[in-house]
Amino acid sequence: MPEESRLEEERRAKVARWRAEGREPYPWSFPDRVGTDAVRSAAQALAPGADAPGTTYRVAGRVRAIRQHGRTTFADLDDEAGELQLLVRVDDLGEEAYRAWLADLDPGDLIGAEGIAAHSRRGEPSLLVRSLTLLAKAISPPPEKYHGLQDVEERIRRRYLDLLASPESRARFRARSLLIRECRSYLNDAGFLEVETPVLLPVASGAAAAPFVTRSRYLDEEVQLRIALELPLKRLLVGGFERVFELGRVFRNEDLDSIHSPEFTMLEAYWAYADYHDMRRLVEGLYAHLGRRALTLFPDVAGVREAAEAFERGFATVDFLEELERTSGVRDLGSKSREELRELARAAGSSVPDDSPAGVFLDKLFEHYVEPGLTAPTFVVDHPASTTPLAKRHRSKSGRVERFEFYYRGFELGNAYTELNDPDEQERRFREQLHARGADQYAYDEDFVRALRHGMPPSTGIGIGIDRMAMAFTAAASIKDVILFPLARRR
RNA sequence: GGGCCCGUAGCUCAGCUCGGUAGAGCAGGCGGCUCUUAACCGCAAGGUCAGGGGUUCGAAUCCCCUCGGGCCCGCCA
């Protein structure tokens, strides 16, 4: 018999024994429980060695480890509030119940315990147990108690095992959730209205990534999953909303690597009658706020302190072309021909197609020379117009657009523009983009241009990658460390 | 798309260089122990060495293919 089956058979036999004795191995509830932290702090308030017979506590959680010493047994009970040692003695439970419990209890079981706060002789805060209740028998054994689950693939495919074995993993995902909450709170306080726009669209637009394609049976038409939130949100500016944001999943049918996932969470915000200078101030305020809140909400997560201090100091600002010229040693990049830029990009190790637009080569050069050095929070501003089809041209710098990206730890955290609101200019750029990519494969959102013709206020907008934000505040090396269930190949 | 690396018990890992009966710890079983916290001590058990093919008297080990994963590079505004 395979090992796993044998282990599971043994545990199933325990369930059967439980039932045969008229006890329920999967009961319905365990009322009046408190967190393990309540017992810990009650125990710590006691004089060493003393018990507090007045108050009984009921706690529930997962059994992490069992240490049997004949007529005394210790068990570590894990719940969301932490870990608590249970001190179980034959004197308190009675001979029969004590023996029965020892025989049937396994690491991984979910149990409830009632007892009083106490210290062990070694001083460990403990629950001196009066009674135990099985809440759910674990048929399959948990990962190894000391090393936990190490296999990267298993940690991702069976995240529940990673989470139940790794408090660090649970803390990281909790941190992600709290960061999202703080983003919402900050934007709400700044007067932004949260909205929801469609995931399913006739044509995915607002970025140049390949979409996931599916089909509506009702329409009998192909539909695509959104690749950005931008165009529906700008329509809302046309409609008269002045500050809106959306937090949602977007889908790009592209490769997965340490900073890209086919589905990821984007925060986009649009702000009428404001420009990208205003947006920079908003970003600085947001990240400083997040850092301060992170220090309060999850101070023990790895990387929090460094990130919070970095964002508290604020962002440096560098000009896209000046920084590229400084790091590459090449002068007058702004006046180079497409062919010259192509050769420079090739020398830097890039192999994009020869007929790519000049902006593509500039982006490659930027990624090669500048990005890795952007470890401290940095705004990169005023990109060459050829790199950026959807931003408004710069009001004073010729050949540039009003755009900033911001970086930390060498990767991009977000991207913002003063938004293009000239409908004819927008239509022209859509057509150029279409032409460059092959019209049979891509269509553009004609209704968006029609909306712009009705007038969109001068506005600024931003896209922020939430997954990368979570990476930044938790020192995560891979985006998979901050996505609960990353896409994995069927097996 | 290219290169490199990994896959051995439920979990964590040795063994592979240089071919010779597959090992340990944790978890599980049995026994002991009333203060441990990676508890400890004793006994017994647990394997499709990812899958397939090849070389060989003999393959976890060498070779080829496949599957899954990781890292790097490239591509993907």
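Residue numbers begin at 1 in each chain, while the letters A, B, ... track the order of the sequences.
Nucleotides B/C26 and B/A38 place their P atoms 13 Å apart, quoted to the nearest Å. Look at the C1' atom in both B/A59 and B/U17: the space between them is 15 Å, to the nearest Å. B/A22 and B/C65 have their C1' atoms separated by 26 Å, given to the nearest Å. Using atom P as the reference point in both B/C13 and B/A50, the two lie 15 Å apart (nearest Å). Comparing B/C16 with B/C57, their P atoms sit 24 Å apart, to the nearest whole Å. Rounded to whole Å, the separation between the P atoms of B/C11 and B/G54 comes to 30 Å. Remark: the separation of the C1' atoms in B/A14 and B/U61 is 14 Å, to the nearest Å. Taking atom C1' on both B/A24 and B/U8, the two are 13 Å apart, rounded to the nearest angstrom.
Residue A/Arg67 places none of its side-chain N or O atoms closer than 4.0 Å to OP1 or OP2 of B/U37. Between A/Thr72 and B/C33 there is no side-chain N or O to OP1 or OP2 distance below 4.0 Å. An OP1 or OP2 oxygen of B/C76 is reached within less than 4.0 angstrom by a side-chain nitrogen or oxygen of A/Lys364.
Nucleic acid contact class of A/Asp363 (heavy atoms, under 4.0 Å, all strands): sugar-phosphate only. Nucleic acid contact class of A/Thr388 (heavy atoms, under 4.0 Å, all strands): none. Residue contacts shown for A/Leu149 are limited to sugar-phosphate atoms, with no base heavy atom under 4.0 Å away. If you check every strand for non-hydrogen atoms under 4.0 Å, A/Gln85 touches a base. Residue contacts for A/Gly108: at a heavy-atom cut-off of 4.0 Å it reaches no nucleic acid atom on any strand shown. Heavy atoms of A/Ala207 sit under 4.0 angstrom from at least one base atom. Within 4.0 Å (heavy atoms only), A/Asp91 reaches at least one base atom of the nucleic acid.
Of all nucleotides present, only B/C73 satisfies the Watson-Crick or G-U wobble test against B/G1, with each distance under 3.5 Å. Nucleotide B/C30 forms a pair with B/G42, judged by Watson-Crick or G-U wobble geometry with both contacts under 3.5 Å.
Scored by the ring-ring contact (aromatic ring centres under 6.0 Å, His included) test, A/Phe320 finds A/Phe366, A/His383 as partners (sequence neighbours excluded).
We find that CZ of A/Arg6 is positioned 14 Å from P of B/A9, with the value rounded to whole Å. Whole-Å rounding puts the A/Asp92 CG to B/U34 P distance at 15 Å. Between the C1' atom of B/C33 and the CZ atom of A/Phe74 lies a distance of 12 Å, rounded to the nearest Å. We find that CG of A/Leu161 is positioned 14 Å from P of B/G10, with the value rounded to whole Å. Put simply, CG on A/Leu87 is 10 Å from P on B/C35, counting in whole angstrom units. Regarding A/Gln68, its CD atom lies at a distance of 15 Å from the P atom of B/U37, rounded to whole Å. A straight line from NE2 of A/His368 to C1' of B/C73 spans 11 Å, rounded to a whole angstrom. Distance A/Glu154 CD to B/C13 P: 13 Å, rounded to the nearest Å.
A cation-pi arrangement is not found for A/Arg252 relative to A/Phe264, the charged atom failing to lie both closer than 6.0 Å to the ring centre and inside a 45° cone about the ring normal.
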Requested in this report: Carefully, step by step, assess A/Glu419 and A/Tyr270 under the rule side chain to side chain donor-acceptor pair (under 3.5 Å).
Outcome: CA-CA 9 Å; A/Glu419 300 294 339; A/Tyr270 291 84; 4.5 Å; no
Query raised in the report: How far apart are the C-alpha atoms of A/Asp445 and A/Val449, what are their side-chain angles, what is the distance that settles it, and do they pass the side chain to side chain contact (heavy atoms under 4.5 Å, CB included) test?
Result: CA-CA 7 Å; A/Asp445 187 343; A/Val449 175; over 6 Å; no
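Checked against A/Asp275 for a salt bridge (charged side-chain N to carboxylate O under 4.0 Å, His left out), the options A/Lys392, A/Arg403, A/Arg395 give a single hit: A/Arg395.
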